[in-house]
Number of protein chains: 2
Amino acid sequence: MRLVIASCSVDYKGRLQASLPTAKRLIIVKADGCVAIHADTRGAYKPLMWMNAPNRVVETNESWVISNPKGEHLQITIAEILFDTSFDLGEDPGLQKDGVEAHLQILLADNPEEIEEGLSLTRREFPTDIGPVDMLCRDGDGNAVAIEIKRRGGIDGVEQLTRYLDYLNRDPKLRPVRGIFVAQEITPQAKTLAKDREIGFVEIDYEELQGIESNILRLF
Amino acid sequence: MRLVIASCSVDYKGRLQASLPTAKRLIIVKADGCVAIHADTRGAYKPLMWMNAPNRVVETNESWVISNPKGEHLQITIAEILFDTSFDLGEDPGLQKDGVEAHLQILLADNPEEIEEGLSLTRREFPTDIGPVDMLCRDGDGNAVAIEIKRRGGIDGVEQLTRYLDYLNRDPKLRPVRGIFVAQEITPQAKTLAKDREIGFVEIDYEELQGIESNILRLF
DNA sequence: AGTTCCATGTCGCGG
DNA sequence: CCGCGACGTGGAACT
């Protein structure tokens with residue numbers, strides 16, 4: 001990884017056009033050739049400008065031209081270099097995440113009864129023309145139930161489930177299909193909308209669900 | 001801006017939990033106190049972990065604890081510091097952009113016929129209680145047409161336009177109002193949903209539209 | 001402060 | 001490679 005502090009101006013042309021007047025900034029060039037330009041503000045997350053790998057870097061004395069195969073171009077015009085050093089960081093072992101929707105989905109797929117008594121899983125990520133339904137189940141009466149899972153349940157999630165239900169209920173082999181909206185927390189507006197559309201909703205305690213899962217695993 | 005190259009492990013607990021085993025990484029601390037941790041891979045854009053301002057940084061010899069008012073915590077445990085320097089970058093003059101939705105809107109407002117033969121603009125950013133409609137037009141028959149413009153057209157855009165149409169069609173002075181979804185690219189799912197709701201859709205070539213605009217300007 | 005919506009979103013997964 | 005949806009989405013504009 002190469003770190004450069006330089007007074008520079010930058011021009012980007014690609015998905016849009018943008019330019020930065022000359023100022024002191026940090027330029028990061030990573031091992032794979034990707035480039036990011038950071039100012040001292042604008043938050044930790046977002047670079048002022050960037051080019052993701054793969055790309056070609058052509059460096060002359062006073063300007064760097066970075067191009068990628070998609071036809072995007074970044075030109076850095078250097079006025080003055082204040083610092084320029086490279087470091088060998090090696091491969092990063094990567095990070096562990098926990099608590100996202102995907103994991104919640106896996107836990108619920110293993111424990112559909114936590115959503116509703118008598119529920120059994122038919123298929124996870126059941127495909128439709130308008131996208132995959134998180135879980136398709138059968139209830140105790142043998143009727144189809146579509147489940148939409150979110151970490152935080154808002155109106156948009158209810159909208160999404162509504163679309164799936166519209167679609168699924170056109171299939172004579174599935175009909176009637178009702179919906180249950182599942183999330184760790186559901187906003188009051190989402191609950192209201194769900195009630196209005198006769199869609200069920202369940203708030204799931206993630207920690208508790210993990211506990212149930214580990215209890216089950218402990219039995220084996 | 002402070003740049004630290006260090007062998008460190010990192011733990012985050014907040015919206016989710018995540019951890020990084022010990023490895024050499026770049027730690028950036030910006031003037032406002034926000035922190036980002038970058039590896040030598042993973043692209044130019046995204047840090048491995050970060051904390052946005054505002055936050056408190058408590059630094060001891062071998063560990064940094066960063067907390068924010070929302071109850072998120074980042075702990076950096078330092079094994080070895082290889083480099084640690086601060087730079088004064090000053091305020092950044094900021095950047096100029098061109099080519100985003102706003103500009104596409106301006107071009108289309110000048111050339112509504114590019115969306116549909118016979119279309120004429122009534123008002124841009126037509127206000128409703130649920131937000132402004134990008135363009136309100138009249139078609140060749142004198143009927144109202146609501147236009148939603150996106151750079152990339154997805155289902156959410158169709159959803160948004162649907163809400164506007166529901167609203168506008170309650171107004172007896174406007175009714176009937178139909179909708180056209182306009183974007184540089186529209187996903188197949190969005191097209192399917194639009195068809196299903198009898199909403200029109202048009203894909204617009206931005207470069208071509210710019211060409212038309214400059215041809216018109218050349219006439220004056 | 002809360003809400004809504006854009007973004008050069010980026011990222012990851014499945015077809 | 002494309003399409004789609006999640007994201008610790010972030011960030012800005014507006015109420």
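The shown structure was predicted, so the numbers you read here are calculated from the model rather than taken from an experiment. Below, chain A is the first sequence line, B the second, and so on; all start at residue 1.
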Quiz item: When you compare D:dC7 with D:dG11, how far apart are their C1' atoms, in angstrom units rounded to a whole number?
Solution: 14 Å

Quiz item: When you measure from every atom of DNA chain C, which of residues 191-201 of chain B have a heavy atom less than 4.0 Å away?
Solution: none

Quiz item: Expressed in angstrom and rounded to an integer, what is the separation of B:Gln189 atom CD from C:dG14 atom P?
Solution: 16 Å

Report all interatomic pairs (protein N or O, nucleotide N or O of nucleotides 11-15 of chain D) with separations under 3.5 Å.
from, atom 1, to, atom 2, distance (Å)
D:dG11, OP1, A:Arg42, O, 2.9
D:dG11, OP2, B:Asn52, ND2, 3.3

Quiz item: What is the distance from CZ of A:Arg123 to P of C:dG14, rounded to the nearest Å?
Solution: 11 Å

Exercise. Keeping the roles fixed (side chain from A:Asn52, backbone from B:Ala44), state whether a donor-acceptor pair exists under 3.5 Å.
Key: yes

Quiz item: What integer distance in Å separates A:Ile106:CD1 from C:dG14:C1'?
Solution: 14 Å

Quiz prompt | Spatial distance of atom CG (B:Leu168) from atom CG (B:Asp166) [nearest 0.5 Å] | solution = 9.0 Å

Quiz item: Roughly how many Å is it from CD in A:Gln105 to P in C:dC13, rounded to a whole number?
Solution: 13 Å

Quiz prompt | Among D:dG5, C:dC6, D:dT9, the one nearest A:Arg151 by side-chain distance | solution = D:dT9

Quiz item: Whole-Å distance between D:dC7 P and A:Gln160 CD?
Solution: 12 Å

Quiz item: Hey, does B:Val182 have a side-chain heavy atom less than 4.5 Å from the side chain of B:Met135?
Solution: no

Quiz prompt | Any residue meeting side-chain contact (heavy atoms from CB on, under 4.5 Å) with B:Ile130, in chain and number order, not counting sequence neighbours | solution = B:Thr128, B:Arg163, B:Tyr164, B:Tyr167

Quiz item: Which listed nucleotide (D:dG10, D:dG5, C:dT8) is nearest to the side chain of A:Met49?
Solution: C:dT8

Exercise. Could you check which of D:dC4, C:dC5, D:dG10 has an atom nearest any side-chain atom of B:Trp50?
Key: D:dG10

Quiz item: Using 4.0 Å as the upper bound for N to carboxylate O, is an ion pair formed by A:Arg15 and A:Glu72?
Solution: yes

Quiz item: Roughly, in whole Å, what's the span from CZ in A:Arg152 to P in D:dT9?
Solution: 7 Å

Practice problem: Show your working on side chain to side chain contact (heavy atoms under 4.5 Å, CB included) between B:Ile76 and B:Ile66 and close with a plain yes or no. | Solution: CA-CA 8 Å; B:Ile76 306 174; B:Ile66 302 122; 4.0 Å; yes

Quiz prompt | Any donor-acceptor N/O pair, A:Asp40 side chain to B:Gly90 backbone, under 3.5 Å | solution = no

Quiz item: So, is B:Thr187 near the phosphate of D:dC4, with a side-chain N or O under 4.0 Å from OP1 or OP2?
Solution: yes

Exercise. For B:Trp50, enumerate each residue passing the ring-ring contact (aromatic ring centres under 6.0 Å, His included) test, keeping only those at least two apart in sequence or located in another chain.
Key: A:Tyr45

Quiz item: Rounded to whole angstrom units, what separation is found between the CG atom of A:Asp134 and the P atom of D:dA6?
Solution: 7 Å

Self-check item: Among B:Ile106, B:Leu119, B:Ile212, side-chain contact (heavy atoms from CB on, under 4.5 Å) partner for B:Asn111
Solution: B:Ile212

Quiz prompt | Whichever of B:Asn68 and A:Pro132 has its nearest DNA chain D nucleotide further upstream toward 5' | solution = A:Pro132

Quiz item: What are the two closest heavy atoms between A:Leu121 and A:Cys137, and how far apart are they?
Solution: CA-SG, 4.0 Å

Under 3.5 Å, which donor-acceptor pairs link side chains of residues 20-29 of chain B to any protein atom two or more places apart or in another chain?
from, atom 1, to, atom 2, distance (Å)
B:Lys24, NZ, A:Asp88, O, 3.1
B:Arg25, NE, A:Asp92, OD2, 2.6
B:Arg25, NH1, B:Cys8, O, 2.7
B:Arg25, NH1, B:Pro21, O, 3.1
B:Arg25, NH2, A:Asp92, OD1, 3.3
B:Arg25, NH2, A:Asp92, OD2, 3.3
B:Arg25, NH2, B:Pro21, O, 2.8

Quiz item: Between A:Tyr164 and B:Glu72, which is nearer to the 5' end of DNA chain D once each is assigned its nearest nucleotide?
Solution: A:Tyr164

Practice problem: Take atom C1' in D:dT9 and the same atom in D:dG5, then report the distance between them in whole Å. | Solution: 12 Å

Quiz item: What's the spacing between A:Ile147 CD1 and A:Gln105 CD if we round to 0.5 Å?
Solution: 11.0 Å

Self-check item: Separation between the C1' atoms of C:dA7 and C:dC11, rounded to whole Å
Solution: 14 Å

Quiz prompt | Residue-level proximity of residues 8-20 of chain A to DNA chain C when a heavy atom falls under 4.0 Å | solution = A:Tyr12, A:Arg15, A:Leu16

Self-check item: Nearest-angstrom distance from the residue atom OH of B:Tyr206 to P of C:dA7
Solution: 11 Å

Exercise. State which of C:dC5, D:dG8, C:dT8 makes the closest approach to the side chain of B:Met51.
Key: D:dG8

Practice problem: Answer with base, sugar-phosphate or nothing: what part of the nucleic acid does B:Pro188 contact at a heavy-atom distance below 4.0 Å? | Solution: sugar-phosphate

Quiz prompt | P spacing across the pair C:dT8 / C:dT4, given as an integer number of angstrom | solution = 22 Å

